[in-house]
Amino acid sequence: ADLRATHRMAFVLNASGQRWRAARYLFRLLEKGDIGADELVLLGNRHIAVSLPVPPEIDARQENVDAYVVLAIAKRAVSEQQWGEALTLLRELIVNRPELVEAHVQLGIVLQEIAKLEKRIAWQAALPADANRHPDIWVLRGNLLQHQDHIEVAARCYGEALRLEPNHRQANYLLGQVLTSLGRGEDAAPFLARAEKVRQLEQLLLDIYLAPHGHENAELCQQAAELCRDVGRYWESLAWTDRAAEIVPDAEWIAPLRDELQEKLAKIPPRTDRQATPLANLDLDEFPLPEVNTEMIAEAVSAISPQTPI
């Protein structure tokens, strides 16, 4: 019953666009050995769009529509660059459900595209405390600070995103970029390399997801297993190895890789082995955290309200 509830929660969060929250439930299924092929792909690539079936007669602006449905519709509007529609839905949603951090993330993406700098600063000041636990919030903060030429603070923001999610492709790439601009090319190189490796893995997982019976292709499963191993995601690597073993049990690569992974997993690491990531070799405390101007919070909340023009 517990795992059935975990499957349901992962589905609801994925379908409503809360992919970061869903990852925790998907990883729990992976640890328990009860994860499906599509769930394994969605754990590995949270950029894959998962559509929530919404009947055409539902108007997301109506008060009686579930907040998760509104969020799913708003996130789809963001992905389709329908900025006005997304803005209207997200501002109303945040008024009614300010604790939905994903709504703040999506609003930040919209404002980054269409709003003036002061509105983006107001968005940051109005974030709820729980927003600091979402890596995309830190990346948006970093983007904002980098735009203001606060390069070292931006570097810290990208690093904080990676503390939460070492597999964040954009955060790895952007931290590599800002370190390069600070004249620290040697520190930057591993982050840029990891961003590329994660990009390759996410593209492969998308190919598996979209191809008919992609998860039954032993060659693709092998590639996924090896790429997951390379970025320190040993649980996922073992799951892809096991899937390949069901298809080609006598493949020569399976036993050595499985032995290697089981040795690493004997220590019960988290989803990602932090020592296998470049952040393990960078002291983030070298870079300052962004300052919070508490005096502008009330003004900020007003600035992002549905009645205030962008």
Side-chain angles (χ1 to χ4, degrees), residues 19-21 23-24 26-28 30-31 43-47 131-143 145-146 150-205 223-241 256-290:
R19 302 294 306 284
W20 170 242
R21 285 185 62 197
R24 178 162 62 97
L26 292 171
F27 183 63
R28 188 179 304 166
L30 176 59
E31 287 183 297
L43 174 62
N45 182 353
R46 66 185 181 92
H47 300 292
N132 286 336
R133 298 164 61 185
H134 197 306
D136 292 352
I137 290 289
W138 284 104
V139 170
L140 287 164
R141 276 190 182 128
N143 291 158
L145 289 159
Q146 193 173 352
H150 300 311
I151 304 302
E152 292 191 346
V153 190
R156 178 62 179 266
C157 290
Y158 299 140
E160 292 296 331
L162 293 174
R163 272 181 171 162
L164 293 167
E165 171 54 293
N167 306 295
H168 200 296
R169 171 168 45 86
Q170 188 181 17
N172 275 287
Y173 178 75
L174 291 171
L175 182 52
Q177 272 197 328
V178 296
L179 287 172
T180 300
S181 71
L182 291 168
R184 299 179 58 167
E186 188 173 339
D187 289 329
F191 290 98
L192 296 172
R194 184 174 179 84
E196 173 57 21
K197 187 74 77 170
V198 172
R199 186 200 65 77
Q200 292 173 14
L201 175 57
E202 290 179 348
Q203 182 59 55
L204 175 65
L205 294 175
Q223 292 175 31
E226 291 173 346
L227 281 170
C228 285
R229 184 267 318 274
D230 292 347
V231 295
R233 287 156 54 175
Y234 308 133
W235 289 97
E236 291 168 83
S237 180
L238 184 59
W240 285 113
T241 302
L257 181 54
R258 184 178 275 156
D259 289 345
E260 177 188 347
L261 294 168
Q262 288 175 340
E263 181 179 349
K264 294 178 183 298
L265 288 171
K267 302 174 184 177
I268 314 296
R271 179 188 168 202
T272 303
D273 181 0
R274 301 299 171 124
Q275 294 305 309
T277 73
L279 201 62
N281 300 313
L282 183 71
D283 182 7
L284 274 187
D285 291 336
E286 294 179 50
F287 306 101
L289 281 164

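Hydrogens, waters and symmetry mates are skipped; everything else that's a heavy atom, side chains included, is used. In this chain, residues are counted from 1 in sequence order.
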### Task
In sequence, state the C-alpha distance, the side-chain angles, and the governing distance for Glu260 and Thr241, and then conclude on side chain to side chain contact (heavy atoms under 4.5 Å, CB included).
CA-CA 11 Å; Glu260 177 188 347; Thr241 302; over 6 Å; no

Taking side chain as C-beta onward, heavy atoms only, is [X] less than 4.5 Å from [Y]?
| X | Y | result |
| --- | --- | --- |
| Phe287 | Val153 | no |
| Leu261 | Trp235 | no |
| Leu201 | Leu205 | yes |
| Glu202 | Arg199 | no |
| Pro290 | Leu145 | yes |

### Summary
Those residues at least two apart in sequence (or on a different chain) that pass side-chain hydrogen bond (donor to acceptor under 3.5 Å, both in side chains) with Arg19 are Asn14

### Task
Tell me, please, which residues at least two apart from Gln200 pass side-chain hydrogen bond (donor to acceptor under 3.5 Å, both in side chains).
Glu196

### Task
Please lay out, stage by stage, how Arg163 and Glu160 fare under the test salt bridge (Lys or Arg N to Asp or Glu O under 4.0 Å).
CA-CA 5 Å; Arg163 272 181 171 162; Glu160 292 296 331; 2.8 Å; yes

### Query
Should Leu26 and Arg46 be marked as a side chain to side chain contact (heavy atoms under 4.5 Å, CB included) after you check the CA-CA gap, both sets of side-chain angles, and the distance that decides it?
CA-CA 11 Å; Leu26 292 171; Arg46 66 185 181 92; over 6 Å; no

Provide the closest heavy-atom pair for [X] versus [Y] in the form atom of the first, atom of the second, distance.
| X | Y | value |
| --- | --- | --- |
| Tyr234 | Asp273 | OH-OD2, 3.2 Å |
| Ala161 | Ala171 | CB-CB, 3.9 Å |
| Gly232 | Ala276 | CA-CB, 3.9 Å |
| Leu257 | Ser237 | CD2-OG, 4.4 Å |
| Pro166 | Asn172 | O-ND2, 3.1 Å |
| Ala23 | Leu43 | O-CD1, 3.7 Å |

### Query
Does any donor atom in the side chain of Glu165 or Asn167 lie under 3.5 Å from an acceptor atom in the other side chain?
yes

#### Entry: Any side-chain donor near an acceptor of the partner, Gln146 and Tyr158, under 3.5 Å
yes

### Task
Answer yes or no: are there more than 12 heavy-atom neighbours, outside Arg274 itself, under 6.0 Å from its atom CZ?
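Counting other residues, nucleotides and ligands, CZ of Arg274 exceeds 12 neighbours.
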
### Task
Kindly check if the number of other-residue, nucleotide or ligand heavy atoms within 6.0 Å of CZ (Phe27) is above 12?
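It does: Phe27 CZ has more than 12 such atoms within range.
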
Drop me the distance from [X]'s [atom1] to [Y]'s [atom2], to the nearest 0.5 angstrom.
| X | Y | atom1 | atom2 | answer |
| --- | --- | --- | --- | --- |
| Arg169 | Gln203 | CZ | CD | 9.5 Å |
| Phe191 | Leu282 | CZ | CG | 5.0 Å |
| Arg141 | Asn132 | CZ | CG | 4.5 Å |
| Glu31 | Leu265 | CD | CG | 10.0 Å |
| Leu279 | Leu284 | CG | CG | 5.0 Å |
| Arg184 | Leu179 | CZ | CG | 6.0 Å |

Whether [X] side chain and [Y] backbone form a donor-acceptor pair below 3.5 Å:
| X | Y | result |
| --- | --- | --- |
| Ser181 | Val178 | yes |
| Thr180 | Gly176 | yes |
| Trp240 | Leu227 | no |

### Message
Determine whether Val231 and Arg194 satisfy the following criterion, side chain to side chain contact (heavy atoms under 4.5 Å, CB included), listing intermediate values before the conclusion.
### Response
CA-CA 7 Å; Val231 295; Arg194 184 174 179 84; 3.6 Å; yes

### Message
Please determine whether salt bridge (Lys or Arg N to Asp or Glu O under 4.0 Å) holds for the pair Glu236 and Arg271, giving the CA-CA distance in whole Å, both sets of side-chain angles, and the decisive distance to 0.1 Å.
### Response
CA-CA 8 Å; Glu236 291 168 83; Arg271 179 188 168 202; 3.1 Å; yes

### Task
Output yes when Asp230 and Lys197 qualify as a salt bridge under the 4.0 Å nitrogen-oxygen rule, no when they do not.
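Looking at Lys197 together with Asp230, the answer is yes, because their closest N to O distance falls below 4.0 Å.
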
## Note on the structure
Given the options Leu174, Leu175, Leu162, Val198, His168 meets side chain to side chain contact (heavy atoms under 4.5 Å, CB included) only with Leu162

